[in-house]
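So you know, we letter chains A, B, ... as the sequences are listed, proteins then strands, and number each from 1.
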Amino acid sequence: MSDATTATRPETRYDFAAAEPRWQEEWNRRGCFAVPDVPDGSKPKYYVLEMFPYPSGKIHMGHVRNYTLGDVVARYKRARGHQVMHPMGWDAFGLPAENAARERGIHPGQWTYDNIANMRAELKRMGLSLDWSREFATCDVEYYGKQQALFLDFWKAGLVERKESWVNWDPVDGTVLANEQVIDGRGWRSGALVEKKQLSQWFFSITKFAPELLEALGSLDRWPERVKLMQANWIGRSEGARVRFRLAEPVGETSEVEVFTTRPDTLFGMSFLAVAAEHPLAAAAAAANPTAAEFIAECRRMGTSEAAIEQAEKRGFDTGFRVAHPFLEGVTFPVWIANFVLMEYGTGAIFGCPGHDERDFDFATKYGLGITPVVRPASGAEVALPFTDEGVAVNSGFLDGLPTAEAKRGAIDRLEAIGAGTGVVNWRLRDWGVSRQRYWGCPIPVIHCEACGVVPVPAEQLPVTLPDDVDFSRPGNPLDHHPSWKHVDCPACGKPARRETDTFDTFVDSSWYFARFCSPRAAEPTTRAAVDAWLPVDQYIGGIEHAILHLLYSRFFTRGMRETGHVALAEPFAGLFTQGMVTHESYRSAEGRWLYPEEVEFTATNDGARLAHLKTDRSPVTIGRVEAMSKSKRNTVDPGAIIGRYGADTARWFILSDNPPERDMEWTESGVAGAYRFTQRLYRLVATALPELPPPGAPQDGQGRKLRQATHRTIAGVTEALEEFGFNVAVARIHEFANAITEAGEAGGPARREALEALARLASPMMPHLAEELWSLLRPGEDELVANFPWPEADPALLKAETLTLAVQVLGKLRGTIEVPADADEATIFAQAEAEENVQRSIAGRPIRKRIHVPGRVVNFVV
RNA sequence: GGGGGCGUGGCGGAAUGGUAGACGCAGGGGACUCAAAAUCCCCCGGCCGCAAGGCUAUGCCGGUUCGAGUCCGGCCGCCCCUACCA
């Protein structure tokens, strides 16, 4: 619906419904946003990328915000003379497609491509400056086949490993999860309690790059600090020592236990050693002792999941094994199995020093193990144990008297000298398990042969394509129970063999798509000329929820591609911007049912508060909290409906105007309505002025100087705001400008045309359709679109005013303002300031001790 | 527990150490209209004052400075991340 029916004068009404598709078609016809794989170098390149969407079928407001932000950057950079690559694609593999297949009998591929078609149409209505010729979906064989080639190259380069390992098993999704996908012991998707299971899995050796991934964070100066911090914590570097404890009696083949510690200086305070339930020594104890086995089984049942809940409760089991202390001749300590020791971190074993570690203290207190203080505060003060700060070593033999840092070094030196340990750096980061027991993913190109073992699929046999005829009626992995797909001959010996039926974690798909966009149709995964020219992504934009997973994987993958010659750089994203969420009020009916915003209407009460009612029967509605839009709370707004009602430019404008883009924004009806009014106002401003405007050309000097100054100040202000992602400020500057043009009216004279043309151009990154419409009104003979026009330049001469308004303070308090010529000298300014009536009153005859003048700003008298 | 961030009108927010509250939303008043919508104009942190103007005000307390929303120290509150990481 357009509001044409209610217009007073149809010619001053902007018909967005007609204009928006028309301009989209025009951009498309002219190929405005297409760029070559290898730019000609005539302009500097700029690669703008927003995190590509999962094709759920409908875009949501989060997408609209994300792609609007990216589009403003892309359009602005184009206007600033860059050759901008701004592509779009689909993160199209993943479980929802399989769920759809199970629930509705639609093939995952069909479901996905249908969704893509819908979402593409919706995105196109937003008028984004995308190069659609680069589009692909990660489920295209063309894409995932190249991913398989990358995998084989990574394998050759030693970046892939197959290992038996404890994995996180999601019993609901029936798949393995990466550590990063387990949140509070639950699957990130299903929410099911995750179990520990031992399986053979494919891993990417991300840990090989741990030091580099950590160190290079320092070079990412256009990344948010907090994202870098989160990554640094995730990588988790800690310095310490590995200490080998000799078992008093060997257990089977095992004669020692290795422990990681960051506090080797507290070794003399040891009173026990503890291993994880999954530790081999625990298994040995279990083999010998059914009670131990029971304890281990109990730990596993609690698993990672209940750990948080049971956190307070430290539990252990004494294995009866004993270990010798590395420094104390003839002294041994018991080996316990403890539920708070993690197999995944360090060596899965710790030495317990209750005096200086809270967990060890709790454990020792509970089980009556000894507590020896071995660190005193440097001040010498008595402190309660556990004392976990640094201090000075005591009761520690050769370490006595040493400050903690030196004691650590001393302990490590001795350990190394006696061959009982070494100083090491330990990393929290673990290798990236990528095997998923799912159908709708990229097949891992590997064949299992009885005789030859694990054999890579030869490059010339790629791609390994997914079979179409799959049965989703049975639980588990459809690839595994497909009648024929997995049965192949071994590429090495020719005997019957079996395909790998696991597929890649979908985070693999999104770890290199930004590189593929540079040459999306190439026969190889990347084309060096293309990636060398376009990468890195100059501005990447997406949600903070990907601060660790996707961004870390992409950083790893880029390094892998560097090692294998597919790219020449290590860091894929030079600039990162993380946007906030889109939120909305939530509403509930009297019965507590969540309501969609469109079911609710509002009335104002006398005191200005709002009351809500159900539209149908006017029954009262409770207005709830403002929170992230979610289907379950029904506080969503459909972008399609908004664009249909107000147009894409209005939606974009409101999103940009509400608040700074890194914060959560609140979607409000009145806000959108305000944005819509402003689009109409701009149109009216131009349409009504049109008959009085002089023809295009430079405005004569001297005429309408005030308006000209406003124009050039606005150019400078909007430019500055856009440069620093201050879109809400850019919007405010344009509002001010519109006010200034209105105020000038006909008195603006020839400067009016300059102002209105600048208005259209400055608004164009944010409201591209309206900008073209205004431009076409202002320049009917002009063939070139705003989209192709360079950004306006502010004239420095017009940024300077001929008079300045200075604040005059007495003792730092504002007492008045004065108007002075811009070139007035200081003495004149002081004299005029002092003469100001109100300033005189404030000085009250007291002598002026000091006069301060900040040019263009303020005068301050100290009396 | 550890780490990070943020506190400014009714709301979103603006403000290189220099006139706090730009701009918008909401609200109030008025014009136009038979009426409404749309549009246009005015007001809009609090207190005092007829006014001129004054006082007060950026979570709280202190400090640096001619001058602090902004810098420093301490507290209070909220939000986010992370968490038996040895």
Side-chain angles (χ1 to χ4, degrees), chain A residues 3 5-9 12-13 184 224-227 229-230 232-234 236 238 240 259-263 266 274 307-308 310-314 338-342 344-353 356-360 362-363 388 426-428 544 547-548 604 607-610 626 654 657-660 663-666 668-675 677-678 680-681 684 717 721 726 728-739 742 805-817 837-838 841-842 849-863:
Chain A
D3 286 15
T5 47
T6 58
T8 47
R9 289 196 289 164
T12 57
R13 199 86 201 161
D184 287 337
E225 281 306 317
R226 63 182 187 133
V227 172
L229 194 76
M230 283 161 76
N233 289 340
W234 191 264
S238 58
V259 147
F260 173 73
T261 178
T262 55
R263 292 297 299 268
T266 63
E310 300 288 326
Q311 211 175 73
E313 186 68 4
K314 304 251 180 298
N339 67 344
F340 69 92
V341 179
L342 305 175
E344 303 84 19
Y345 188 75
T347 63
I350 60 155
F351 82 83
C353 177
H356 306 282
D357 182 286
E358 298 199 18
R359 293 155 304 174
D360 297 349
D362 292 349
F363 193 77
T388 56
N426 193 60
W427 302 87
R428 182 179 176 278
I544 186 74
I548 299 173
D607 56 356
R610 286 183 313 146
V626 173
F654 172 52
S657 67
D658 188 61
N659 66 353
R663 299 194 204 166
D664 290 351
M665 74 163 288
E666 186 187 349
T668 60
E669 266 304 309
S670 55
V672 199
R677 282 199 300 271
F678 189 67
Q680 293 296 346
R681 186 178 161 208
R684 209 162 43 236
N728 57 326
V729 179
V731 165
R733 295 284 103 87
I734 288 175
H735 268 283
E736 287 168 355
F737 189 34
N739 292 344
T742 305
T805 307
L806 297 182
V808 183
Q809 300 176 335
V810 178
L811 286 170
K813 276 189 194 291
L814 181 72
R815 295 302 173 188
T817 58
E837 194 188 339
N838 207 39
R841 199 164 32 230
S842 298
R849 284 180 26 223
K850 196 169 174 187
R851 295 176 170 82
I852 292 144
H853 173 225
V854 180
R857 294 284 185 182
V858 77
V859 172
N860 190 11
F861 295 117
V862 184
V863 295

Would you kindly give the NZ-to-P distance between A:Lys850 and B:U65, to the nearest whole Å? 10 Å
For the atom pair NE2 (A:His356) and OG1 (A:Thr388), what is the distance rounded to the nearest 0.5 Å? 9.5 Å
Could you state the CD-C1' distance from A:Glu837 to B:A52, rounded to the nearest angstrom? 8 Å
Which whole number of Å gives the distance between the C1' atom of B:C40 and that of B:U33? 13 Å
Anti or syn - B:G9, cut at 90° from 0: syn
Integer angstrom distance from the C1' of B:A83 to that of B:G4: 14 Å
Side chain to side chain donor-acceptor pair (under 3.5 Å) with A:Thr668: which residues, sequence neighbours excluded? none
Between B:A14 and B:C71, how far apart are the two P atoms, rounded to whole Å? 15 Å
Could you write out RNA chain B as a dot-bracket string, with dots for unpaired bases, | for bases paired across to another strand, and Watson-Crick or G-U pairs counted at under 3.5 Å? (((((((..(((.....[....))).(((((.......))))).((((....))))..(((((..]....))))))))))))....
Which residue, A:Arg841 or A:Asp357, contacts RNA chain B at a nucleotide closer to its 5' end, judged by nearest heavy atom? A:Arg841
Among A:Thr261, A:Asp357, A:Asp360, exactly one meets side-chain contact (heavy atoms from CB on, under 4.5 Å) together with A:Ile350. Which residue is that? A:Asp360
Return the value, rounded to whole Å, for the distance between atom CG of A:Asn739 and atom C1' of B:C23. 8 Å
Taking side chain to side chain donor-acceptor pair (under 3.5 Å) as the test, write out the residues that go with A:Asn426, two or more places apart. A:Tyr345
Tell me what A:Val731 touches on the nucleic acid: a base, only sugar-phosphate, or nothing, going by heavy atoms under 4.0 Å. nothing
Rounded to the nearest 0.5 Å, what separation is found between the NZ atom of A:Lys813 and the CG atom of A:Asn860? 11.5 Å
Span that lies between the P atom of B:G9 and that of B:C47, in whole angstrom: 15 Å
Looking at B:U56, I'd like to know if its phosphate oxygens (OP1 or OP2) sit under 4.0 Å from a side-chain N or O belonging to A:Lys813. yes
Could you work out the separation of B:U39 and B:G21 based on their P atoms and round it to a whole Å? 28 Å
In whole Å, what is the span from the CZ atom of A:Phe861 to the C1' atom of B:G67? 14 Å
note: A:Arg359, atom CZ; B:C85, atom C1'; distance rounded to Å ~ 7 Å
Nearest 0.5 angstrom please: A:Trp234 CH2 to A:Trp427 CH2, how far? 15.5 Å
For the CG atom of A:Asp664 and the CG atom of A:Asp658, what is their distance to the nearest 0.5 Å? 10.5 Å
Which part of the nucleic acid, if any, lies within contact of A:Asp360, taking any heavy atom under 4.0 Å across all strands shown: a base, the sugar-phosphate backbone alone, or nothing? nothing
Phosphate oxygens OP1/OP2 of B:C40: is one of them under 4.0 Å from a side-chain N or O of A:Arg684? yes
For A:Asn739, which residues count as a side chain to side chain donor-acceptor pair (under 3.5 Å) partner, sequence neighbours excluded? A:Arg681
Select one nucleotide: of B:C23, B:A86, B:C66, the one nearest the side-chain heavy atoms of A:Ala732. B:C23
Earlier contact from the 5' end, RNA chain B, for A:Arg815 and A:Gly674: A:Gly674
Nearest-Å distance, CG (A:Asn233) to C1' (B:C85)? 11 Å
Specify the separation, in whole Å, of atom CZ of A:Arg428 and atom P of B:G3. 16 Å
Those residues at least two apart in sequence (or on a different chain) that pass side chain to side chain donor-acceptor pair (under 3.5 Å) with A:Arg851 are A:Glu834
Of the nucleotides B:A26, B:A86, B:C66, which has the atom closest to the A:Val862 side chain? B:C66
Using a cut-off of strictly less than 4.0 Å, decide whether A:Arg677 has a side-chain nitrogen or oxygen near OP1 or OP2 of B:A37. no
Just by modelled atom types, is the A:Gly717 backbone N or O under 3.5 Å from a matching donor or acceptor in the A:Arg733 side chain? no
Could you tell me how far B:G29 sits from B:C66 if I compare only their P atoms? Round to whole Å. 50 Å
For nucleotides 5-20 of chain B, give me one character per nucleotide, 5' to 3': B if any protein heavy atom sits under 4.0 Å from the base, S if the only such contacts are to the sugar-phosphate, - if neither. -------SSS-B-BB-
Specify the separation, in whole Å, of atom CZ of A:Phe260 and atom C1' of B:C85. 9 Å
Distance between P atoms of B:G53 and B:C44 (Å, rounded): 14 Å
Quick one: pull up CZ in A:Arg677 and CZ in A:Arg684 and give me the separation to the nearest 0.5 Å. 10.5 Å
Using a heavy-atom cut-off of under 4.0 Å over every strand shown, decide if A:Asn838 touches base, sugar-phosphate, or nothing. sugar-phosphate
Let's see if you can work this out: which of B:A22, B:C55, B:C84 has an atom nearest to the side-chain heavy atoms of A:Glu736? B:A22
Distance-only, no hydrogens or angles: does the A:Asn838 side chain make a donor-acceptor pair with backbone N or O of A:Arg815 under 3.5 Å? yes
C1' gap between B:G10 and B:A26, integer Å: 8 Å
Tell me whether the OP1 or OP2 atom of B:A37 has a side-chain N or O from A:Arg13 closer than 4.0 Å. no
